[in-house]
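Read through the structure below, which is laid out as structure tokens, and then see the notes.
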Amino acid sequence: MNTMFILFVCMMLVTAPSRILPLFFLGDRKLPPFVESLLHYIPFAVLGALIFPDVLAATGDLKSSLSGAIVAFALGWLGQGPLVVLAGGIAGAFLASFL
């Protein structure tokens, strides 16, 4: 429980400033488009760094786990929503376990 709380606090410290600080310092001005897109992807990068190592050990077989991760990455790259990416990753790992 204590480790989980520390993890939540660390995730908040990483993602919250990128969302809150621009409101205080910019006021009505807008960020440059590149900076705005960079700040948009920070939570996803942190989430990916936390999840990816466990993805490869999720099924107990590296080949099926890796194939599920590849399918999920491809669906995410194509712009699908989180539920489609999740279902596709699960289906990719499930089908690869039979091959």
Side-chain angles (χ1 to χ4, degrees):
M1 181 68 176
N2 191 20
T3 305
M4 192 67 85
F5 180 74
I6 292 171
L7 182 64
F8 288 150
V9 169
C10 290
M11 288 171 46
M12 181 199 66
L13 291 174
V14 169
T15 59
S18 68
R19 302 291 184 172
I20 296 170
L21 289 179
L23 294 175
F24 292 115
F25 292 117
L26 292 177
D28 291 336
R29 295 177 290 168
K30 291 199 67 126
L31 288 171
F34 174 74
V35 174
E36 193 170 312
S37 68
L38 182 69
L39 293 176
H40 176 73
Y41 288 109
I42 286 176
F44 296 113
V46 171
L47 187 61
L50 291 172
I51 291 175
F52 185 73
D54 291 331
V55 166
L56 298 179
T59 64
D61 180 30
L62 182 63
K63 292 177 185 175
S64 64
S65 295
L66 189 59
S67 64
I70 290 170
V71 169
F73 180 79
L75 289 172
W77 188 270
L78 294 173
Q80 299 298 315
L83 290 177
V84 174
V85 171
L86 178 67
I90 292 170
F94 182 73
L95 292 175
S97 66
F98 287 115
L99 298 176

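Just the heavy atoms: all of them, side chains too, but no hydrogens, waters or symmetry mates, feed the values below.
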Please give me the minimum heavy-atom distance between [X] and [Y], naming the atom from each residue.
| X | Y | answer |
| --- | --- | --- |
| Val55 | Ala69 | CG1-CB, 3.6 Å |
| Gly89 | Ala72 | CA-CB, 4.0 Å |
| Ser65 | Ala58 | OG-N, 3.7 Å |

Excluding Leu56, membership of its hydrophobic cluster (Ile, Leu, Val, Met, Phe, Trp, Tyr; side-chain heavy atoms within less than 4.5 Å) reads Phe52, Leu62, Leu66, Ile70
Can you list, by chain and residue number, the hydrophobic cluster partners of Leu86 when the side-chain cut-off is 4.5 Å? Ile90
Within 6.0 Å of CG in Leu99, more than 12 heavy atoms from elsewhere: yes
Sequence-distant partners of Ser64, side chain to side chain donor-acceptor pair (under 3.5 Å), two or more places apart: Thr59
Within one Ile-Leu-Val-Met-Phe-Trp-Tyr cluster: Val85 and Leu78, side-chain cutoff 4.5 Å: no
With under 30° as parallel and over 60° as perpendicular, where do the rings of Trp77 and Phe73 fit, or are they tilted in between? tilted
